[in-house]
Amino acid sequence: MKHTLDIVPLKSWIDTGDKPLIIAGPCSAETEEQVVSTAHLLANTGKVNVLRAGIWKPRTRPGEFEGIGSIGLEWLKRAKKETGLLTSTEVATAKHVEEALAAGIDILWVGARSTANPFTVQEIADALQGVDVPVFVKNPVNPDLSLWIGALERINRAGIKKLGAIHRGFSSFEKTAFRNEPMWDLAVQLKSACPELPIINDPSHICGNRELIPYIAQKAMDMDQQGLIVESHIDPSVAWTDAKQQVTPAALADLLDHLSVRHPESNNPIFDDKLAELRQQIDKLDDAILKQIGDRMKIAEKIGEYKRDNNVTILQVSRWDEIVEKRVQLAKALSLSADFATKYLELLHNESIRKQNEVMNAKSVAEA
Ligand code: PEP
Ligand code: MN
């Protein structure tokens, strides 16, 4: 599903040369001193383009710090005046948009909880009608690509052409090392649906802890994302929100120093030839794998017919357990991860069951 968003290239609204766009700053504006001194430290690194700070904080549970409110806009204004950094904040209502624009905030973003709600996004879009301000849209909390694209479309239809997406990861039932599962394939799908749309990464909200941020930031660069939004606080240990995932400006500078920024294309014909050859090999293997899966399904259909004629259930748990155990061991011996092998087998099994179901119920459908 291709989408044509009517947007202008990122380089035309923020020129970062051949470097990624870096937005950094505290999760929340807490005090004037905290905002301004963090901004100075960030500006002094020479590596940050835009200062971020949450003024209105959407919290999952009430009773936590819900943002300092409008007064914080004045602190951002002062930080901009003293450091020259552009400023950005999250907006979640029409009133936030009006106040942020009145305060001269340079870039707005729509938060993950808002993106999940089309009513909220439409309210924000209506408030943006006729305004020329850059807007980033975070992915929704739930892994739903259409909601993300829908929010981008609503903002775009309000006339916002300086538009980008922020990949901040998705809530998942299963608890993993990440606060929000990156689910990179959703960001990749957004990129193929809207190739011209800049996507930046929010490793802070993906990780939920400082330690993993460099790994995710590098991965974002390797996935050809155009920048990072990172939470940075002058003293993370006393931060009022998201303390565990914030880094000091010095740690941020160190992280950015160690980032390898790669390019989607090379200018080297020998490299290109070699790459084309390797890709051909991959294509050939992919074709062969699919063909074999097709053959496997044909056998599954035969089994289905056999089970149907003998009145046996589709699922035999013991057989399934045996398949998984043996194949996961083989996968490990082939240096494939157990997680990958299990997921792959599950997909295969589901498709087999679907096929067998078709075969086993075809008769009753015909009879009906
Ligand atoms: C934030 O950027 O501080 C924030 C609340 O993020 P998200 O909307 O991604 O949860
Ligand atoms: Mn935060």
Side-chain angles (χ1 to χ4, degrees), residues 21-30 34-35 38 42 48 50-62 64-69 72-73 75-76 87-93 96-97 100 105-118 120-121 124 134-144 147-148 151-152 155 164-172 178-183 186-187 190 199-210 212-213 216-217 220 225 227-248 252:
L21 168 67
I22 305 296
I23 304 178
C27 174
S28 303
E30 298 164 3
Q34 169 246 8
V35 171
T38 306
L42 289 170
V48 173
V50 183
L51 175 68
R52 65 148 281 160
I55 301 290
W56 303 282
K57 299 301 298 177
R59 308 309 297 174
T60 300
R61 305 278 305 272
E64 294 172 42
F65 175 59
E66 296 204 312
I68 205 71
L73 295 169
W75 308 340
L76 282 174
T87 53
S88 64
T89 199
E90 172 177 351
V91 288
T93 66
H96 295 166
V97 173
I105 301 297
D106 300 286
I107 299 176
L108 308 180
W109 82 79
V110 178
R113 291 160 193 78
S114 301
T115 307
N117 181 352
T120 300
V121 176
I124 296 169
V135 179
F136 279 99
V137 178
K138 287 202 175 195
N139 66 253
V141 277
N142 51 326
D144 184 333
L147 261 183
W148 199 1
L152 286 156
I155 305 289
I166 299 176
H167 173 208
R168 54 77 82 191
F170 303 86
S171 274
S172 70
F178 300 109
R179 175 178 172 189
N180 291 296
E181 267 304 298
M183 302 189 189
L186 278 157
L190 177 65
I199 304 179
I200 66 169
N201 192 272
D202 177 345
S204 310
H205 288 90
I206 289 181
C207 297
N209 64 69
R210 276 180 279 287
L212 288 170
I213 291 179
I216 291 292
Q225 297 192 346
L228 298 171
I229 175 166
V230 185
E231 288 188 336
S232 180
H233 190 286
I234 190 161
D235 184 358
S237 66
V238 299
W240 297 1
T241 55
D242 289 350
K244 282 193 279 190
Q245 70 193 33
Q246 303 210 52
V247 296
T248 60
L252 176 71

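Hydrogens, waters and symmetry mates are skipped; everything else that's a heavy atom, side chains included, is used. First listed ligand is number 1; within each ligand, the first listed atom is number 1.
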Before giving the answer on side-chain contact (heavy atoms from CB on, under 4.5 Å), spell out for T93 and W56 the whole-Å C-alpha distance, their side-chain angles and the decisive distance to 0.1 Å. CA-CA 10 Å; T93 66; W56 303 282; over 6 Å; no
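Checking V230, L42, I23 one by one against V48, the side-chain contact (heavy atoms from CB on, under 4.5 Å) holds for a single residue, L42.
Each of C27, R52, K57, E90, W109, G111, A112, R113, K138, R168, H205, E231 has a non-hydrogen atom positioned under 4.0 Å from some atom of ligand 1.
The distance from atom OG1 of T241 to atom NZ of K57, rounded to the nearest 0.5 Å, is 5.0 Å. The CD1 atom of I213 sits 4.0 Å away from atom OG of S204, with the distance rounded to the nearest 0.5 Å.
With respect to the salt-bridge test (charged N to carboxylate O, under 4.0 angstrom), the residues E231 and R52 qualify.
Using a 3.5 Å distance cut-off with no hydrogens or angles, the side chains of H233 and D242 do not pair a donor with an acceptor. Counted by atom type alone, N139 and H167 present zero donor-acceptor pairs between their side chains at under 3.5 Å.
In terms of modelled atom types and a separation under 3.5 Å, the side chain of S232 and the main chain of V247 share a donor-acceptor contact.
Of all heavy-atom pairs spanning P143 and L186, the tightest one is CB-CD1, 3.6 Å.
For the Mn ion (ligand 2), the neighbouring protein N/O/S atoms at less than 2.8 Å, given as residue and atom, are C27 SG, H205 NE2, E231 OE2, D242 OD2.
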